[in-house]
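Both counts, for ligands and for their atoms, begin at 1 and track the order of listing. Side-chain atoms are counted along with the backbone in the values below, which use heavy atoms only and exclude waters and symmetry mates.
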Amino acid sequence: MDEFVDLRSDTVTKPTPGMRKAMFEAEVGDDVFGEDPTINALQEKVARILGKEKAVFVPSGTMANQLSIKAHTQPGDEVVLEENSHAFYYEGGAGAVLSGVQFFCLSGKRGLLESSQVEESIRPLDVHFPVTRLICLENTHNRGGGTVYPIKTLSEIYKLAKARGLLVHMDGARLWNASAASVIKPEEYAQWTDSVSVCLSKGLGAPVGSLVAGSVPFIDRVHRFRKMFGGGMRQAGILAAAGIYALDHHLEKLKATHDQAKRLACFLSGLKGVSIDPAEVETNIVIFDVSKSPKKPVQIAGELRTRGVLILPMGKTSIRLVTHIDISDAGIEQAMEAFGQVFS
Ligand code: TLP
């Protein structure tokens, strides 16, 4: 087998020669002293793209979410989010440990919440209840299948939040994908948030890095907690250079990865034992159900691996595929051939 077609995640991309050159040539300094010119340039660039006052570079999407929760809340506050959101489902209970917050989980439609649901979750002012403080939304929604929030819903939730004195954080790990799919600029999405986190290491192809953006006082708090959580880095301009390169050269490639996902979904919808509606695939994530297949996801993953295709089982009956900029059209062909054989 030459090389695997790796559809497990868009985190698996490797830095391109152009990106490595930019990293090699990056000017660096000690970022804990605020002296890394490349990090400063990335932070300014991302703040500009998101239409926020300030942004700060952090090691991961998980840290970006958790720092945002920490900086927005006090221990004992309640955070409203969707039950399949990354900040709740995949971050090891960090909100409880690091910020002492309680989560109020709502069930979204393919991960997306409506403002009426959010409204119902807001606690009355009463000594029996925790204080509702923060709403976290994920755009695109990973476990929802790469779903894109309608901008109208975001504006409704934000207006509700402001009317009730609440804050809104957006986990925009894949905000770039939402933007590529909807042709709505990242700053238009970000205007309906108090803070937004974005990732450079998924979809965009950089090896490491996320940013949190928001108001100056908020980012100053995030910056303080970043140091406290051990996320202060030194000559990390090498990493920031990869991020700048990714924003300059890879954003435009995302749409093609969405087309690949749609192609895979259309093909899968014709296979026996697979349930998926290709019309629901909006970005680069394809989640399909195999409960009608005699094979379990783990067995399917094993059979695909022997055919050079890597995928991720998601629970007992679903499988997730994620397309990304390191997958060629020949790779998509190879994957379809392998799926055809496994589900024959
Ligand atoms: N998602 C990863 C896994 O952790 C599941 C993936 O392969 O999709 N927010 C969202 C919406 C994410 O999908 C992820 C990563 C994160 C945050 C966390 O980012 P990192 O891995 O940088 O901590």
Report summary line: The atoms of ligand 1 lying under 4.0 Å from a heavy atom of S9, numbered in the order shown, are 6 (C), 7 (O), 8 (O)
Query raised in the report: Quick one: do R48 and E44 make a salt bridge, cutoff under 4.0 Å?
Result: no
**Report entry** Candidates K52, K162, R133 - the one meeting salt bridge (charged side-chain N to carboxylate O under 4.0 Å, His left out) with D194
**Finding:** K162
**Report entry** ligand 1-proximal atoms of E138, by part, heavy-atom distance under 4.0 Å
**Finding:** side chain
**Report entry** Pair E333 + R263, salt bridge at N-O below 4.0 Å
**Finding:** yes
**Report entry** ring-ring contact (aromatic ring centres under 6.0 Å, His included) partners for F225, two or more places apart
**Finding:** none
Query raised in the report: With a cut-off of 4.0 Å, which atoms of ligand 1 are near a heavy atom of N142?
Result: 1 (N), 5 (C), 6 (C), 8 (O), 13 (O)
Requested in this report: Enumerate the atoms of ligand 1 whose separation from the nearest heavy atom of T62 is less than 4.0 angstrom.
Outcome: 18 (C), 19 (O), 20 (P), 23 (O)
With a 3.5 Å cut-off and sequence neighbours excluded, list the donor-acceptor pairs that the side chains of residues 207-214 form with protein atoms.
| from | atom 1 | to | atom 2 | distance (Å) |
| --- | --- | --- | --- | --- |
| S210 | OG | G61 | N | 3.0 |

Query - N or O pair under 3.5 Å between G61 and ligand 1 - result: yes
Query raised in the report: Which ligand 1 atoms does A173 reach within 4.0 Å, using its non-hydrogen atoms?
Result: 9 (N), 10 (C), 11 (C)
Requested in this report: Using a 4.0 Å heavy-atom threshold (strictly under), name the region of S60 that reaches ligand 1: side chain, backbone, both or neither.
Outcome: both
Requested in this report: In plain terms, say whether K255 and D259 are close enough for a salt bridge, that is, a side-chain N and a carboxylate O under 4.0 Å apart.
Outcome: yes
Query raised in the report: Under 3.5 Å, is there a donor-acceptor pair linking the side chains of T147 and H141?
Result: no
Query raised in the report: Does R320 come within less than 4.0 angstrom of ligand 1, counting non-hydrogen atoms of the residue?
Result: yes
Query raised in the report: So is R174 close enough to ligand 1, meaning a heavy atom under 4.0 angstrom away?
Result: yes
**Report entry** Distance-only polar pair, side chains of H86 and E91, donor-acceptor under 3.5 Å
**Finding:** yes
Query raised in the report: Which bit of D171 gets closer than 4.0 Å to ligand 1, counting heavy atoms only: side chain, backbone, both or neither?
Result: side chain
Report task. Measure from atom 19 (O) of ligand 1 to every heavy atom in K202, R8, H86 and give the option owning the shortest one. Result -> K202
